[in-house]
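Report on one structure; see the data block that follows.
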Amino acid sequence: MSADDLGRRRDWSDEEKVRIVEESLQGFRQGSATARRYGLSRSLLTSWRRQYRSGLLSVSASTGFVPLTISPPPPASSEMAAPPRPDDDKTIEIGLPNGRRLTIPSSLDPAILARLLPVVDAS
């Protein structure tokens with residue numbers, strides 16, 4: 001008799017995993033209670049949380065391409081204009097799926113950005 005015959009094995013969709021992981025991160029020491037509520041082992045939930053934090057577990061709707069528009073700079077007015085920025089002072093604005101906007105310097109190391117995005121997007 002296999003685990004499937006007993007009804008203990010289940011295939012969870014990524015959407016369900018993300019929902020369960022986010023629920024487990026809501027409060028202090030919620031991992032065990034959440035695992036019990038869904039009939040999961042604590043180690044499986046811990047594995048899902050690790051995947052979630054590293055960006056390997058995500059809802060398919062939030063992954064993909066985002067529309068990007070580049071608009072020309074506004075025409076210079078006769079009023080006092082800001083001095084031109086040096087090349088290393090340029091910024092990039094990122095719109096996250098949760099509705100937040102993140103403005104970063106263009107010189108930011110991509111490795112730092114890769115660690116920062118899942119944290120900002122999840123909270």
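FYI, the numbering just counts along the sequence from 1.
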Do W48 and L40 make a side-chain contact, defined as non-hydrogen atoms from C-beta onward lying under 4.5 Å apart? yes
If you round to the nearest 0.5 Å, how far is NZ of K17 from OG of S47? 8.0 Å
Joint cluster assignment, L56 & V21, ILVMFWY side-chain distance < 4.5 Å: no
So, for R53 and P118, which heavy atoms are closest and what is the spacing to 0.1 Å? O-CB, 3.8 Å
P105 side chain near K90 side chain, heavy-atom distance below 4.5 Å: no
Taking atom CG of D14 and atom CG of L57, what is their separation to the nearest 0.5 Å? 5.5 Å
Look at E16 together with R10 and state whether they make a salt bridge at an N to O cut-off of under 4.0 Å. yes
More than 12 heavy atoms from other groups under 6.0 Å of CZ on R42: no
So do E23 and V18 actually touch side chain to side chain, heavy atoms under 4.5 Å? no
Could you grab the distance from atom CD1 of I94 to atom CG of L117, nearest 0.5 Å is fine? 5.0 Å
Separation between CG of L108 and CG of L113, rounded to the nearest 0.5 Å: 5.5 Å
Any side-chain to backbone donor/acceptor pair from T34 onto Q30? Under 3.5 Å, distance only. yes
Can you confirm whether Y52 sits close enough to E22 that some side-chain heavy atom of one is under 4.5 Å from a side-chain heavy atom of the other? yes
Is there a continuous path of hydrophobic side-chain contacts, each under 4.5 Å between heavy atoms, that joins L116 to I92? yes
Does a side-chain heavy-atom distance below 4.5 Å link L45 with S24? yes
Following the transitive rule for hydrophobic clusters with a side-chain heavy-atom cut-off under 4.5 Å over Ile, Leu, Val, Met, Phe, Trp and Tyr, establish whether L102 and I112 coincide in one cluster. yes
